[in-house]
Amino acid sequence: MTSGGCSIVWLRRDLRLEDNPALAAGVRAGAVIALFIWAPEEEGHYYPGRVSRWWLKQSLEHLETSLKSLGTSLITKRSTDSVSSLIEVVKSTGATQLFFNHLYDPISLVRDHRTKELLTAQGIAVRSFNADLLYEPWEVNDDQGRPFTTFSDFWSRCLTMPYDPAAPMLPPKRIISGDVSKCPLDTLTFENESERGSNALLARAWSPGWSSANKTLTNFINGPLIEYSSNRRKADSATTSFLSPHLHFGEVSVRKVFHLVRIKQVLWANEGNSEGEESVNLFLESIGLREYSRYMSFNHPYSHEKPLLGHLKFFPWVIDENYFKAWRQGRTGYPLVDAGMRELWATGWLHDRIRVVVSSFFVKVMQLPWRWGMKYFWDTLLDADLESDALGWQYISGTLPDGREFDRIDNPQLQGYRFDPNGEYVRRWLPELARLPTEWIHHPWNAPESVLQAAGVELGSNYPLPIVGIDAAKARLQEALSAMWQQEASWRASIENGTDEGLGDSTDTDPIAFPEDIQMEEDQEPIRNNPTAQVRRHEDQMVPSMTSSLLRVGDEENSLDHRNSVEDSRGEVPTDLSIGREPRREVFNTLGRLNDTLGLRDTGDSTAESSSSSGRERDGGVVPVWSPSTSSYSEQFGNEENGLGGSSSYLQRSHQMINCRRLSQTG
DNA sequence: TAGTATTTCTC
DNA sequence: AGAAATACT
């Protein structure tokens, strides 16, 4: 019981009982205090959006009910500093151990690192676990022991690792409760009055919580999965998994998903059902993208705010809030884009394909800064996920080695006929166009006046004309790109002259500010003639888009001297996109104080035995820690050309980043 | 069967 | 937009 000192199990985005290694460790160790800390201010700009908070609230209630039935309760704390709250709970309960599962977003990396340092200093035994990924980011490396820089290489490696992802664990049968009599709990508030109203409809379409997540998974595997390969391209098919919000909050373990799906695949393979087999591959790929997003975030913690390809910092984004607003409101004049944006606003949901369409339009046609779009997704998506969304937007923006090309503009009209050939999707979300014949539904601006009249469409009045013509957009994009390269060239030249400092610094400290911390949400007309479209028939998908990564990492020592940056990494990047080099090292901070520099020394396969055994340690005997102080990232992976000179600024930069305060109080 | 047109997809 | 797979003749 409580006398020997109980354990705190700090729950975050792992709101489940099954296959929860931190919880299992706590239970094994004796009495447990299950703790959830709500400290949204720590997230800076990324204070969770309305629908995301709604989900979290339901999920926590569900979890608490489950915990109660197992014999304990959920302790909730409202905080602006998780670590202090943890210490407070430690003091008031006499806990001697802390367990939690890893997170990989930039803010958590820093916060969790700090947690370990401070709590360990207080004499608390801290252990952390992998509960969110098939493999930890540091387990997956190329033959040289460096992180992969493209998704496909990363993923094929994952699928051929010498050991399987850990098998999912069963939930505890009962939990002995620690003594919380002296530990006051806070009531958490996740929504205000007006939000409550807006959220009311969500419950008709979604059921947050781990048991519902399991049902969703089962339904998917026994239903739509087999046809995933053929159906996944329709804009509104109901053939996707709907798992993404569940996965975001860790209501279901991705390893369980993986195992169940693989079992199905083996079954189908034996029956010679190749469509089913292929479907599983494709579905797993979307799981893989989610994995990769964590991988990228871990290796490049700036990836949510900086393009991984350095020259992008010279791209002359169009700073136009009216464009931005038109996009948010679904009034760009391109039906497929507008339908998507209205669905997003009304439901918090978008098919993966449509996410690509609207974000590509945002970046390539409007040329608005991708971070604005990402922020809006963050604020409005039910499955908002920083890592996945950063990967998606970077992929779309062409700022990754294997991202889309810069100069490619997707034409929403063509995409419309592709993903929504009969215009049903557009008609559902744009009632003002509902009577337009399919022939014109995706390009009303070309329709004869008589047709428009018959359909009751008045362009420029009840439906807008295209906000930007595609041809004009192409021209503007060309200009922007040449301006970018020019800037980049002169920047490079200034570096060679040693006059870099100024420029280098100023440019990368200015991720274009968000429009006065947009009330992106409520400033819209809550129109939506489509309230009852709770018909969540739409599909889901893990994340918007994505892919890719960057960087080559050498081992710390080597990379500084030999591996003279650029050149070698350059090989696999399209032509002159320079990739940064980023020395990095994980520190394995073992509780028992084992080897603390098991970094990337041993590479992938066979040699990895020592690290693989420790890395795989299920009990968390070894706790890998992302160590900001020893890692540095090239600011925007583009400019390692400045050799050593640059590396000192990397360090500075990384120190800045470590400053939690800075991170967390931006917003 | 070779050669060409068309569809599909980029993570 | 361009490559690759597929379909057609």
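Sequence lines set the chain letters: A, B, ... in the order given, protein chains first and strands last, and positions in each chain run from 1.
At whole-Å resolution of the value, CZ in A:R404 and P in B:dC9 are 13 Å apart. Per the geometry, CZ belonging to A:R157 stands 20 Å off P belonging to B:dC11, to the nearest Å. Between the CE atom of A:M296 and the C1' atom of B:dC11 there is a distance of 12 Å, given to the nearest Å. A straight line from CZ of A:R418 to P of C:dA1 spans 13 Å, rounded to a whole angstrom. Spacing between atom CG of A:L414 and atom P of B:dT10 amounts to 17 Å, rounded to whole angstrom units. One can place OH of A:Y417 at 19 Å from C1' of B:dT7, the figure rounded to the nearest angstrom. When rounded to the nearest whole Å, the span between CZ of A:R353 and C1' of B:dT10 equals 9 Å. We find that CZ of A:F148 is positioned 16 Å from C1' of B:dC11, with the value rounded to whole Å.
Checking B:dC11, C:dA1, B:dT8 against every side-chain atom of A:R408, the shortest atom distance belongs to C:dA1.
A salt bridge does not link A:D420 with A:R427: none of the charged nitrogens is closer than 4.0 Å to a carboxylate oxygen. Between A:R492 and A:E488 there is a salt bridge, since a side-chain N of the basic residue sits under 4.0 Å from a carboxylate O of the acidic one.
Below 30°, between 30° and 60°, or above 60°: for A:F362 and A:F324 the angle between ring planes is above 60°, a perpendicular geometry.
The side-chain tip of A:R355 points at the ring of A:W349 from less than 6.0 angstrom away and within 45° of straight on.
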